[in-house]
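What follows is one structure encoded as structure tokens, with my remarks underneath.
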Amino acid sequence: MTPETLDKLPEILRRDLDENLCVCNEVTKRKIIDAIESGATTLAMVQRQTYASDGNGCCKRQVTRLIECLTTPEDSSQD
Ligand code: FES
């Protein structure tokens, strides 16, 4: 993850990068941010690459929030 990527996140979302954001599937916030950085700009794409939010989906809102912070609206219209 580049410093530029981290700069796009609000302070509160830069914490606990190595904690599991998706507890159900043990996916760290860092892995999710890396996936978004490398082109996963929708929830479905992040899900396919990392398994975060796959299953009962209780972390969907947090994953979506990260996508919103790290992508431009143009990016997220692509799948
Ligand atoms: S915490 Fe991610 S699916 Fe439950």
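Numbering of ligands and ligand atoms starts at 1, following listing order.
- Looking at T50 and V63, their side chains never come closer than 4.5 Å, going by heavy atoms from C-beta outward.
- Side-chain N or O atoms of K31 include none that pairs as donor or acceptor with a backbone N or O of L21 at under 3.5 Å.
- Taking every non-hydrogen atom of N56 and a distance limit under 4.0 Å, the qualifying atoms of ligand 1 come out as 3 (S), 4 (Fe).
- In this structure, the protein non-hydrogen atom closest to atom 1 (S) of ligand 1 is V23 N, 3.2 Å.
- For atom 3 (S) of ligand 1, the nearest non-hydrogen atom from the set G55, A52, G57 belongs to G57.
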Pair C58-C24, side-chain contact (heavy atoms from CB on, under 4.5 Å): steps then yes or no = CA-CA 8 Å; C58 38; C24 297; 3.5 Å; yes
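- Using a 4.5 Å cut-off on side-chain heavy atoms (C-beta onward), L9 and L70 make contact.
- Listed by number with element, the atoms of ligand 1 under 4.0 Å from a non-hydrogen atom of C58 are 1 (S), 3 (S), 4 (Fe).
- Backbone or side-chain N, O or S atoms of C24 do not reach atom 2 (Fe) of ligand 1 at under 2.8 Å.
- How far SG of C69 is from CG of D7: 12.5 Å, rounded to the nearest 0.5 Å.
- Inclusion of C22 in the first shell of atom 4 (Fe) of ligand 1 is not supported: no N, O or S atom falls under 2.8 Å.
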